[in-house]
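All figures in this text were calculated on a predicted structure; none of them were measured in a lab. For reference, positions follow the sequence shown, starting with 1.
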Amino acid sequence: MPAGCSVVVDIGKTVAKLSLWSSEGSLLEVRHRPNARISADAYLALDAAGIENWLVETLRELAWKYPISTVIPVAHGAAAAILRGGKLACAPVDYESPIPAATRARYDSQRDAFSITGSPALPHGLNLGAQLAWLEEIMPEALAADARIVPWPQYWAWLLSGVTACEVTSLGCHSDLWNPVANRFSPLAEARGWSRQFAPLRRADEILGTLRPEWAARTGVPPSAKVLCGVHDSNAALNAVRGFTGVEGREFTVVSTGTWFVAMRASPSKGAVSALPERRDCLFNVDWHGRPVPSARFMGGREIEILADSGGRSIDIAADQTRLVSAVEEVVRGEAAVLPTHVAGVGPYPRAGGRWLGEPADADTRLAAISLYVALVTDAALDLIGARERVIVEGRFVRATLFLRALATLRRDCEILASPADDGVPFGALRLAHPELRRRGPLEAVTPLELDLEAYKADWRARADSLQEASDR
């Protein structure tokens, strides 16, 4: 039986995942749970209770088989929990819940400049500050003076350890609440009083405490198990890539793929926050060391679901390689194309009305067109942050071979590399507890297609730019 196992609790937007790791970095067990939003009367909420019940059951299942010594929480951004009297003051807001236009207009008039926060103005509750402003209007008691605000990863850390904390990767994720250059709360957060209500700042790798006795009783995990502060999921993916030999200290960009495709440029030289194009969903994330990371993103996994008409099921765009390569040649010859954007308000073309051109009837050709579309949007996002030299793709869609090969074809001046596993988020979180761990196996070089995509790319970008400009008029 392995000694000193670690559990990573990864609460993604679409899927919650629990993975169990040996101290040597071997993945021992993994469990998944699809997440659903719930109604909280005035808004859509995250299913905190449902995830908690699943977490208890899963830990109970594994605790009798393995000696669990460490728990590390990870979660998506643009989410927070408000605590009062040792419990949730209200259900955590789902960032896709619409915020009334009048509320949003009042909030937008108070937002700090992009040059201060690196946070673009985003729809719904994707700016965490907008969620807090809305909650103050509809349930002011939730944010009374004694309330404690904790980001979503630290909610799970608090639930397990009883210790409240906050941490810079979630605060620095398009929240409007953090100044990444000054490494402090934003003027907006200070003026609204929220900075005083956030729990104390801790490092992602800090041990907050040990498992609460009641959680030990519910799960069978030893009460001596340590609970770390935890980290934002995209930054965990970045930390995983830094675990490959020869990567740290060099120019590289990570593309983390899942519900969101997030491109993060880890450059030895940093530009000014204001150098990024705010209106194209570029932002500065903050890594767990507190360093600004130029980033661009779009909702790639969600767009794939919409375009493939999956009914919310996970889509495998890594179907038979031979069939799809043949099909993508048909896409280019027939000038079929997917134009952005199919999740409004985000991505490099946030206001362009997405549509098909020459929509294929054949399933393989349709899948090939979707794969090519995702590669084109990823390529545009990489250009926006000045990605160069090497691009490393990790996450759920790392097995989508046509997407990877199309991206390599579009960016022949870059080395496109794929992580050999799709467990970057939990492995990056594991490295918080075991920073000495290194990735086993090399990054895999991606071979471009034997296909010239330059004319197709130029035509696609011209059409995408036209759609964006039309919406701006």
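- Between Ala236 and Val231, the shortest heavy-atom distance links the atoms CB-CG1, 3.8 Å.
- For Glu389 and Arg250, the salt-bridge test fails: no basic side-chain N is under 4.0 Å from an acidic carboxylate O.
- In Glu436, the CD atom is crowded: over 12 heavy atoms of neighbouring residues, nucleotides or ligands sit closer than 6.0 Å.
- For Thr409 (side chain) and Leu449 (main-chain N/O), a donor-acceptor pair under 3.5 Å exists by modelled atom type.
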*Assess whether salt bridge (charged side-chain N to carboxylate O under 4.0 Å, His left out) is satisfied between Asp379 and Arg461, documenting all intermediate values.*
CA-CA 11 Å; Asp379 177 55; Arg461 284 214 176 174; 3.0 Å; yes

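- Cation-pi geometry between Arg297 and Phe261 is not met at under 6.0 angstrom from the ring centre and within 45 degrees of the axis.
- The nearest pair of heavy atoms linking Ser175 to Ser119 is N-OG, 3.4 Å.
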_Full working for salt bridge (charged side-chain N to carboxylate O under 4.0 Å, His left out) between Arg439 and Asp423_ = CA-CA 11 Å; Arg439 273 298 200 184; Asp423 56 12; 2.8 Å; yes

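- Across Val254 and Glu394, no two heavy atoms sit closer than the pair CG1-CG, 4.2 Å.
- A donor-acceptor contact shorter than 3.5 Å links the side chain of Gln468 to the backbone of Arg351.
- Taking the charged nitrogens against the carboxylate oxygens, Asp108 and Arg104 do have a contact shorter than 4.0 Å, which makes a salt bridge.
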_Derivation and outcome, ring-ring contact (aromatic ring centres under 6.0 Å, His included), residues Phe397 and Trp260_ = CA-CA 11 Å; Phe397 292 97; Trp260 289 92; over 10 Å; no

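- When all heavy atoms of Val247 and Leu443 are compared, the pair lying nearest together is CG2-CD1, 4.2 Å.
- In this structure, Arg463 pairs ionically with Asp459, as a charged nitrogen and a carboxylate oxygen lie closer than 4.0 Å.
- Using the six-membered ring where Trp is involved, Trp156 and Trp152 have ring planes that are perpendicular, over 60° apart on the 30 and 60° scheme.
- Geometrically, Arg438 does not engage Phe244 in a cation-pi contact defined by less than 6.0 Å to the ring centre and at most 45° from the axis.
- Under a 3.5 Å cut-off, the side chain of Thr365 and the backbone N or O of Pro360 do not form any donor-acceptor pair.
- Lys457 has no carboxylate O lying under 4.0 Å from a charged side-chain N of Asp452, or vice versa, which leaves the two without a salt bridge.
- Rounded to the nearest 0.5 angstrom, Ser170 OG and Leu177 CG are separated by 11.0 Å.
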*Output, in order, the C-alpha distance, side-chain angles, deciding distance and verdict of side-chain contact (heavy atoms from CB on, under 4.5 Å) for Val393 and Leu404.*
CA-CA 8 Å; Val393 183; Leu404 291 174; 3.7 Å; yes

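- Shown here is Arg37, whose CZ atom has more than 12 heavy atoms of other residues, nucleotides or ligands within 6.0 Å.
- No donor-acceptor contact under 3.5 angstrom links the side chains of Asp112 and Thr117, judged on distance only.
- The aromatic rings of His342 and Tyr373 sit perpendicular to each other, their planes meeting at more than 60°, with 30° as the lower class boundary.
- With salt bridges taken as basic N to acidic carboxylate O contacts below 4.0 Å, none links Asp233 and Lys17.
- Side chain of Thr14 to main chain of Thr259: no donor-acceptor pair is present (N/O by atom type, distance under 3.5 Å, no hydrogens or angles).
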*Go through Arg280 and Glu278 one step at a time and tell me if the salt bridge (charged side-chain N to carboxylate O under 4.0 Å, His left out) criterion holds.*
CA-CA 6 Å; Arg280 300 191 67 182; Glu278 175 186 5; over 6 Å; no

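- Side chain of Ser186 to backbone of Ala189: a donor-acceptor contact under 3.5 angstrom is found.
- Proximity of a side-chain donor or acceptor of Asn127 to a complementary backbone N or O of His174 within less than 3.5 Å is detected.
- For the pair Asp287 (side chain) and Arg291 (backbone), a donor-acceptor distance under 3.5 Å is present.
- With salt bridges taken as basic N to acidic carboxylate O contacts below 4.0 Å, none links Arg333 and Glu335.
- Remark: the backbone N or O of Leu44 is paired with a side-chain donor or acceptor of Ser97 at under 3.5 angstrom.
- Under the 4.0 Å criterion applied to side-chain N and carboxylate O atoms, Glu251 and Arg388 are assigned as salt-bridge partners.
- Donor-acceptor pairing under 3.5 Å is lacking for the side chains of Arg202 and Gln154.
- Taking CD1 of Ile51 as the start and OH of Tyr155 as the end, the distance is 9.0 Å to the nearest 0.5 Å.
- A donor-acceptor pair under 3.5 Å is formed between the side chain of Arg411 and the backbone N or O of Ala387.
- Counting only N and O atoms by type, the side chains of Thr169 and Glu167 include a donor and acceptor under 3.5 Å apart.
- Distance alone, capped at 3.5 Å, is enough to place a donor-acceptor pair between the Tyr43 side chain and the Ala91 backbone.
- When all heavy atoms of Trp288 and Ala204 are compared, the pair lying nearest together is CB-CB, 3.9 Å.
- Ring-plane geometry between Phe185 and Trp178 is classed as perpendicular, the angle between the planes exceeding 60 degrees on a 0 to 90 degree scale with a lower cut at 30.
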